[in-house]
Amino acid sequence: MISTFVTLLLCAIEVKAHGHVQGLTANGKFYEGYSPNFQYMNPKPKVPAWSAGGYGQGGITPDHFNTVDIACHDNPKPGEAYAEVTAGSKVKVHWTKWPDSHHGPILDYIAPCVGECTSAKPLQLKFTKIDQTGLMKPGGPSSYQFATDYLIKNNNTWEVTIPKSLKSGNYVLRNEIIALHTAGTVGGAQNYPQCFNLKVVGGGTASLPAGVPATQFYKPTTPGIVFNIAANLNSYTFPGPEVWKQ
Ligand SMILES: *[C@@H]1O[C@H](CO)[C@@H](O)[C@H](O)[C@H]1NC(C)=O
């Protein structure tokens, strides 16, 4: 009886799902992403991915841009482990099947942890943007390509290079898709931020800029958050801070 209820509940979550990260590959090792199923397991798996609450698989809408949800998704809790990665190498983020219609950019941010990321407070994390990819091929709605289209072609995976000169240490990686399919009007964007604890090794000597809390990234009216993808597109203006130039 209870297990039927749990199964139904999980199915309900699944139906609502738009996407989340199901795994991460770093230094050749695969780390499972956070799954809501973990709460029914004993012992509960410890993974580098941060967990999210009730609407954990839908998008964060602009009315939540000034809340903790924009940091690492709905009511985020730190990952309980780390993925080790060598500075200068690529981390591969494995998303669940991304819907074709949800075109948009993919952005990556990194924040140093004061001490352990496993006890980090998401609003205290100061993020620096390390890369962003938007419109990859211009055109009309039937021919343009966004970063998400490239993600889908690559079996729903995305690679991010951890800056070679970054100092070794504990960091939170924040990989974010912004779905723009209903972003033509203010309030219509859907942000999908996902966070992971990284232990960066073999790093350099560059210090990150001061960084900003995620609540300062975007406003509901920021260009790139408001964006009409039903038009012929030549360019896309990225929202949020500048990319760090090492
Ligand atoms: C695509 O991703 C799925 C799910 O992560 C995986 O099981 C499958 O092996 C991948 N396929 C290829 C060709 O890499």
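We count ligands from 1, going down the list as the structure has it; atoms in each ligand are counted the same way. Along the sequence shown, residues are numbered consecutively beginning with 1.
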Trace of the ring pair (Phe, Tyr, Trp, His ring centres under 6.0 Å) decision for Phe217 with Tyr109: CA-CA 11 Å; Phe217 288 169; Tyr109 294 81; 4.2 Å; yes
Which of the atoms in ligand 1, numbered in the order shown and given with their element, are less than 4.0 Å from a heavy-atom of Gln22? 4 (C), 5 (O)
For Phe227, does its backbone N or O pair with a side-chain atom of Tyr236 as donor and acceptor, under 3.5 Å? no
When you look at Thr133 and Trp158, which way does the side-chain contact (heavy atoms from CB on, under 4.5 Å) test go after all the steps? CA-CA 11 Å; Thr133 307; Trp158 190 255; 3.4 Å; yes
For ligand 1, indicate whether the residue His94 contacts it via side chain, backbone, both or neither (heavy-atom separation under 4.0 Å). neither
Residue pair Ile70, Arg174: steps toward the side-chain contact (heavy atoms from CB on, under 4.5 Å) verdict: CA-CA 10 Å; Ile70 194 61; Arg174 179 180 179 279; 3.9 Å; yes
What protein heavy atom sits nearest atom 8 (C) of ligand 1, and how far away is it? Asn155 ND2, 3.7 Å
